[in-house]
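Step one of this worksheet: look at the structure below.
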Amino acid sequence: MNKFRSHNCNELRIKDVGNKVLLSGWINKKRDHGNLLFIDLRDNYGITQCIIEKENQNFKSLEKIQLETVVKIEGNVVNRSNETVNKEIDTGEIEVKIIQFEILGTCKELPMPVFTDQEYAEEVRLKYRFLDLRRKKIHENIILRSKVIAFIRNEMNKLGFLEYQTPILTSSSPEGARDFLVPSRLNPGKFYALPQAPQQFKQLIMVSGFDKYFQIAPCFRDEDARADRSPGEFYQLDLEMSFVEQEDVFNVVETLLVNTFKEFSNKKLMFDKFPKISYTESLLRYGSDKPDLRNPLIINDVTVIFNREDVNFEIFKKLVKSGSKVRCIVTKNTKDNPRSFFDGIDKWAKEQGASGMAYLTIEKDNEISARGPIGKFFSKESIEEIMKISNAEVGDSIFFACNKEVELQRIMSLARDKIGNELNLIDENLFAFCWIIDYPMFEKDEHTKKIKFSHNPFSMPQGDIDKINFDKPLDILAYQYDIVCNGIELSSGAIRNHIPELMYKLFSIAGYDKKQVDKKFSGMINALSFGAPPHGGIAPGIDRIVMLLANEKNIREVTMFPMNQNAQDLMMNAPSEINEDQLKELNLSLKVKK
RNA sequence: GGGGGUGUAGCUCAGUUGGUUAGAGCGAUCGCCUGUCACGCGAUAGGUCGAGGGUUCGAGUCCCUUCACUCCCGCCA
């Protein structure tokens, strides 16, 4: 028999009444009635109420015991009277009458309570993470994460994928995020980089003939944190397949995500077959390349209306003449909404840095007309044209904004969220997945005005390779795709470019000559020259998947030992200074002295 | 690098127009209490009001500087 326990704290039931048991766990809560003391004993599995009366010689010492002390309790299982049954806990029909106890681990005065659901400061939570992790919600989140990962591994195996590890110490890559660097002792002056993702390795795995690869892969990027972005490290379900087209990757990921989300959440999936939206269309219709499809509002371009003779809204007409565009959002059947609703949106838009949002409501007495501050500027025919473009009906209202394209996208995207929330249009009990496809291969850097890769430099351009017009690089689309759920970007992936000549050509457009490519991507480019299969893959973010399943808004709620926003581990004191000997051995000297 | 928010007891927070000795709940300590499950009751201890400077007869409160945490922008192929 185990020295510490015969049962865990979520195991005992009515059928165990009369048995002598051993329980070990933490003192979650005490309720001291003077001659009668209740103790909630907690472990990983649950809570069992233990009870001791004054007659017992251990009463005094148990009465004085600190919360969160670890104890071993020996006692008898007794049933509770009907009035005292606790339906909140699984063991609520019984309690353990204490015979004797032993302290296994003492506890100092707590820097924060463990048994409450009360929120407290991140700083304290991270410093005492081992206490924080004892709390119910986060404890369950971490267990959920483990189960999700185990489930995914199993599903991937069932789909014919095998897991392979790739190096943690690798080389710095010129594209993408800032690298974390590790000095090399044996190679003075040289550095390893931690992988931002196992991108090149997984392609090399395909070239090596392994066909279907996956890995729950740690990724390291030295960028600033956000609520949904850990500083430093995060995990991806990294996968890659040979001899596939885009559609084959989609099928695998849809199967996996549908199964995973059905297994771990009660929320409904809006689509089992994920809709595909082109990058360009997404920016137009949703103002963003990560649309929240739970929100039914759609953005429409009505710029042409403002070239008409029978429209007299001069402010917009003048802006349109100088290259601005006009887009609108229709709200269904809002003719009776109070003036404050409309003005509220207008005021809000101004606060977001837009010049406000004009609005009108469509009416029909004998004929179609528009009510509202700008209604009078539109002819009957022009209103009918707007209705045609935007699918608006009598009784609907329309919000307009006018600006240069990029800024207009920004404000319309925000407005879509804002109006959707105001009108309560977003169903919190849904997961709405979609694919964003047809990303452009290149984009123009706003500052340098140079052409650069818009996403992954290893992506395959679309179309017949012989017919691609490299003189118009901004028109080249890539087999590059993202998966989005409820407005959160879960992953991006691509069919890869496995043709070296094409790779050199694309890199030359982004300003890298052959020599540079050979040097920076020697492993990759060399491998592609020795018989590379067509291949592609994707890498959904594990942390964000668990966040969605746990219904959390912050990634630290699903990460066991996260760093804070300044990329410090307050519990382990990382990063820390190192001593002179270590520096010397690494051939480093510091410019910044403390 | 930039913008917003927060900072008062171990924890969560209140603190009025600038005005006497800075409060509450939880936790801690001591006492009372035999059916609680956020047990109840009474008492005690616990404060550099994030730090520094300024205005003022007087600053937790107003001003300036600065630090920490957090959210956002930039950044994240």
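Any value given below was found using the heavy atoms of this structure, including those in side chains, with hydrogens, waters and symmetry copies removed. All figures in this text were calculated on a predicted structure; none of them were measured in a lab.
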Counting the atoms with a prime plus P, OP1 and OP2 as sugar-phosphate, which does Pro457(A) contact under 4.0 Å by heavy atoms, base, sugar-phosphate, or nothing?
base
Sticking with atom C1', work out how far C69(B) lies from G31(B), rounded to a whole angstrom.
40 Å
Donor-acceptor side-chain pairing of Gln462(A) and Asp438(A) below 3.5 angstrom
yes
Heavy-atom closest contact (Ile555(A) atom, Ser230(A) atom, distance)
CG2-OG, 3.4 Å
Out of C69(B), G25(B), C37(B), whichever nucleotide has its closest atom nearest the side chain of Asn564(A)
C69(B)
Rounded distance in Å between the C1' positions of G52(B) and G60(B)
16 Å
Choosing from C73(B), G35(B), C39(B), which nucleotide comes nearest the side chain of Arg226(A)?
C73(B)
As a test of reading the structure: which of C76(B), G35(B), G10(B) is closest to the side chain of Gln49(A), going by heavy atoms?
G35(B)
Give me the distance, rounded to whole Å, that separates G27(B) from C75(B) when you measure between the C1' atoms they each carry.
43 Å
Select base, sugar-phosphate, or nothing to describe what Ser454(A) touches, counting heavy atoms under 4.0 Å on all strands.
sugar-phosphate
Using the C1' atom on both, measure G4(B) against G42(B) and round to a whole Å.
46 Å
Would you say the side chains of Tyr479(A) and Asn497(A) form a donor-acceptor pair under 3.5 Å?
no
Gap between atom NZ of Lys520(A) and atom CD of Gln200(A) - 0.5 Å precision
11.5 Å
Of the nucleotides A28(B), U70(B), C75(B), which has the atom closest to the Leu67(A) side chain?
A28(B)
NA contact type, Lys54(A), heavy-atom cut-off 4.0 Å: base, sugar-phosphate, or nothing?
nothing
Flag side-chain contact, heavy atom, 4.5 Å: Tyr504(A) against Asp513(A):
no
Salt bridge between Asp40(A) and Lys29(A), side-chain N to carboxylate O under 4.0 Å?
no
Just compare G74(B), C37(B), A28(B) and give me whichever is closest to any side-chain atom of Asp224(A).
G74(B)
Among C11(B), C37(B), C75(B), the one nearest any side-chain atom of Arg178(A) is C75(B)
Base C75(B) to side chain Arg221(A), donor-acceptor N/O within 3.5 Å cut-off
no
Near-strand residues of residues 8-19 of chain A, defined as heavy-atom separation under 4.0 angstrom from RNA chain B
none
Among all residues two or more places apart in sequence or in another chain, which pass the side-chain hydrogen bond (donor to acceptor under 3.5 Å, both in side chains) test with Arg178(A)?
Glu223(A)
Go nucleotide by nucleotide along RNA chain B from the 5' end; which of Lys452(A) and Gln66(A) gets its closest nucleotide reached first?
Gln66(A)
Do the side-chain N and O atoms of Glu93(A) and Asn79(A) include a donor-acceptor pair separated by under 3.5 angstrom?
no
Mind checking if Glu55(A) touches a base, just sugar-phosphate, or nothing, with heavy atoms under 4.0 Å?
base
Looking only at the side chain of Tyr120(A) (C-beta and beyond, no hydrogens), which of the listed nucleotides U70(B), U12(B), G10(B) gets closest?
U12(B)
The side chain of Asp32(A) lies closest to which of these nucleotides: U70(B), C33(B), C75(B)?
C33(B)
Stems where RNA chain B pairs, listed by first number, each of three or more Watson-Crick or G-U pairs under 3.5 Å:
B:1-7 with B:67-73, B:10-13 with B:23-26, B:28-32 with B:40-44, B:50-54 with B:62-66
Would you compute the distance between atom CZ of Arg42(A) and atom CD of Glu68(A) and round it to the nearest 0.5 angstrom?
4.0 Å
RNA chain B-proximal residues of residues 86-96 of chain A, any heavy atom under 4.0 Å
Asn86(A), Glu95(A)
Would you say Gln568(A) places a side-chain N or O within less than 4.0 Å of OP1 or OP2 belonging to C69(B)?
yes
Which of these nucleotides, C71(B), G27(B), U36(B), is closest to any side-chain atom of Ala227(A)?
C71(B)
4.5 Å side-chain heavy-atom contact, Leu477(A) and Tyr279(A):
no
For atom CZ of Arg125(A) and atom C1' of G10(B), their distance in whole Å:
17 Å
To the side chain of Asn566(A), which of C11(B), C69(B), A38(B) is closest?
C69(B)
With respect to the phosphate group of C71(B), does any side-chain polar atom (N or O) of Gln565(A) fall under 4.0 Å of OP1 or OP2?
yes
Short side-chain N/O contact from Arg31(A) to OP1 or OP2 of C39(B), under 4.0 Å:
yes
With Trp435(A), the side chain to side chain contact (heavy atoms under 4.5 Å, CB included) member among Val253(A), Asp482(A), Ile277(A)
Val253(A)
In whole angstrom, give the distance that lies between atom CD of Gln118(A) and atom C1' of G10(B).
12 Å
With nearest nucleotides of RNA chain B determined for Lys30(A) and Lys60(A) from heavy-atom distances, which residue corresponds to the more 5′ nucleotide?
Lys60(A)
Checking all strands, does Glu123(A) fall into the base, sugar-phosphate, or nothing category for heavy-atom contacts under 4.0 angstrom?
sugar-phosphate
Between Lys108(A) and G10(B), is there a contact of a side-chain N or O with OP1 or OP2 at under 4.0 Å?
no
side-chain hydrogen bond (donor to acceptor under 3.5 Å, both in side chains) partners of Lys505(A), counting only residues at least two apart
none
Separation of the P atoms in G50(B) and A22(B), to the nearest angstrom:
15 Å
Per the atom types in the model, does the base of C73(B) pair as donor or acceptor with the side chain of Arg410(A) at under 3.5 Å?
no
Is there any ring pair (Phe, Tyr, Trp, His ring centres under 6.0 Å) pair reaching into residues 30-87 of chain A, and which pairs are they, with sequence neighbours excluded?
His33(A)-Phe38(A)
Indicate, with a heavy-atom threshold strictly under 4.0 Å, whether Glu119(A) touches base, sugar-phosphate, or nothing.
sugar-phosphate
Length of the CD1-P vector between Ile555(A) and U70(B), whole Å
14 Å
With a 4.5 Å limit on heavy-atom distance, are the side chains of Ser24(A) and Val70(A) in contact?
no
